Each structure stands twice: as C-alpha cells, then as structure tokens.
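Only one structure is covered here, and it is reproduced in the block below.
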Amino acid sequence: MNSAHLSSSEVEPLVRGRTWEEMTPGFRFKTAKRTVTESDLTTFVNLGGFNEPLFYDASHAAAGGYQGRLVPGALIYCIAEGLIVQSNFLNGTGLAFMHMELWVKRPVYVGDTLLAICTVTESRPSSKPGRGVVTATVSVRNQRDEEVLVFTPVRLIRGADFVEADN
C-alpha cells in the first residue's frame, strides 16, 4: 500500500498518553534526568525577568549562605513539567492544567541533576463526559536523591470515551 494515499486518521500514533481512567491513584513513575546548566539559568532569568541578585550575582548569593549559582524554584518547576511531558504520560490526552500547590524544599544549583517522581493521588470524572480530573504529587529530586521541590498538579485529562470537537 502506498502511504501517500493514507489519511492521517488511519495511522496510530507511536506514543499515546494515558486517559484519566488509566491514571489510577497510586500509579507512579519517574522521569528521565536533566542537568541544570548555566545557560538554563541565564536564559530563564532573562526571559522571565527574574532580575534578583540571588540568581545573577554569585557573591550576593554566597553572602546569603548559598554554595553556588542558585536556580529559581520557578525554573525547577518548569524543568520538572518538561520532564513529565517528555515522558509521554500526557501525550495527546492532556486538556488543561487547572491548579497546583508548590513547595520549595532546598536549594538547587547550576550543575545539579534533577528527575521527577510523579504519583497519581486522585482520579475522577469531570462534569463533562469524556474527561476526568487527575491530581498528582510530583517530587523533584537532585542527584543525591534529596527532595528539592514538590508540587501537586490538577489536570483535565481526556477519557477513553472522549469525542473530539468538530472544527
């Protein structure tokens, strides 16, 4: 069969995220690892306007008792979310990020290597058919397996019976 004549709807995706029904409480996974670089820090500080001396003045950070190039908690959260997205857990099934709480537990420095452990804590149908609300706890760990940040995302996720809107 000539693939040029196939409709994209006739081809299964290589990777599919989980539906809310498949995201059962207690399900847990860990992401790949990622080392925070100086470029990550400077790009994030400049992009987000984090013009705080803690993040761009090493002597200022050292005077506060920090032992290296300090990384903002907001960047750690963004890296963890990226690692979760790269895991394909939500690939094609995520519909909305609705809420979260976030706790910074300890400093992260340029050169630290991070991973995230995601644990589903609640999964329930939403008020609309074909969708569910999933809550998780994400523990971000450094290379010493120390918890550096925790957040609790609440997401709207497609269900097995999700019907795509007509466009």
Side-chain angles (χ1 to χ4, degrees), residues 13-20 22-124 126 131-158:
L14 180 60
V15 176
R16 179 188 63 83
R18 292 177 179 242
T19 64
W20 74 267
E22 295 170 318
M23 296 180 183
T24 56
F27 174 78
R28 139 180 329 139
F29 69 93
K30 71 178 179 180
T31 66
K33 297 176 182 178
R34 185 180 188 296
T35 301
V36 183
T37 67
E38 180 73 21
S39 178
D40 294 331
L41 174 62
T42 57
T43 300
F44 187 81
V45 165
N46 290 325
L47 177 66
F50 281 67
N51 297 322
E52 166 61 44
L54 276 176
F55 308 128
Y56 63 76
D57 181 344
S59 62
H60 179 81
Y66 297 105
Q67 315 273 320
R69 299 282 288 135
L70 192 61
V71 176
L75 175 54
I76 302 316
Y77 158 73
C78 288
I79 288 172
E81 272 291 277
L83 289 169
I84 290 168
V85 168
Q86 291 166 26
S87 76
N88 293 309
F89 182 60
L90 305 166
N91 188 21
T93 58
L95 290 169
F97 188 100
M98 299 166 57
H99 174 81
M100 79 168 173
E101 293 184 19
L102 181 141
W103 299 269
V104 176
K105 300 289 194 164
R106 62 180 350 121
V108 171
Y109 301 100
V110 168
D112 282 351
T113 298
L114 306 174
L115 66 81
I117 298 172
C118 181
T119 304
V120 175
T121 57
E122 182 182 0
S123 182
R124 62 174 176 78
S126 74
R131 302 158 189 245
V133 177
V134 177
T135 304
T137 298
V138 178
S139 171
V140 183
R141 311 284 180 89
N142 65 17
Q143 67 275 11
R144 292 176 295 282
D145 203 32
E146 298 166 330
E147 191 170 66
V148 297
L149 186 135
V150 175
F151 63 102
T152 58
V154 179
R155 304 176 199 271
L156 187 64
I157 305 293
R158 292 177 189 224

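Nothing fancy with the numbering, it's 1 onward along the sequence. Note that the coordinates shown come from a computational prediction; the quantities given were computed from them, not determined experimentally.
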Where do [X] and [Y] come nearest, in terms of heavy atoms and distance?
X    : Y    : answer
G73  : L149 : O-CD1, 3.5 Å
T37  : V110 : C-CG1, 3.8 Å
V138 : C118 : CG2-SG, 4.1 Å

About how many Å separate [atom2] of [Y] and [atom1] of [X], when rounded to the nearest 0.5 Å?
X    : Y    : atom1 : atom2 : value
S126 : M98  : OG    : CE    : 8.0 Å
N51  : D57  : CG    : CG    : 12.5 Å
E147 : I117 : CD    : CD1   : 8.5 Å
N142 : R106 : CG    : CZ    : 7.0 Å
L90  : R18  : CG    : CZ    : 11.0 Å
L95  : R155 : CG    : CZ    : 12.0 Å

Main-chain N/O of [Y] paired to [X] side chain as donor or acceptor, under 3.5 Å:
X    : Y    : value
R131 : L156 : no
T31  : I84  : no
T93  : I157 : no
S123 : W20  : yes
T135 : T121 : no
T113 : Q143 : no
N91  : V15  : yes
E22  : T19  : yes

Test item: [X] and [Y] side chains (from C-beta on) under 4.5 Å apart, heavy atoms:
X    : Y    : value
F44  : I76  : no
Y109 : D112 : yes
V120 : T24  : no
V140 : F151 : yes
V71  : P107 : no

With a cut-off of 6.0 Å (strictly less than), are more than 12 heavy atoms of other residues, nucleotides or ligands near CD of E38?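 Enclosed: over 12 neighbouring heavy atoms sit under 6.0 Å from CD of E38.
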All ring pair (Phe, Tyr, Trp, His ring centres under 6.0 Å) counterparts of F27, not counting sequence neighbours: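 F27 satisfies ring pair (Phe, Tyr, Trp, His ring centres under 6.0 Å) with F89 only.
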With sequence neighbours excluded, residues passing side-chain hydrogen bond (donor to acceptor under 3.5 Å, both in side chains) with R34: D40
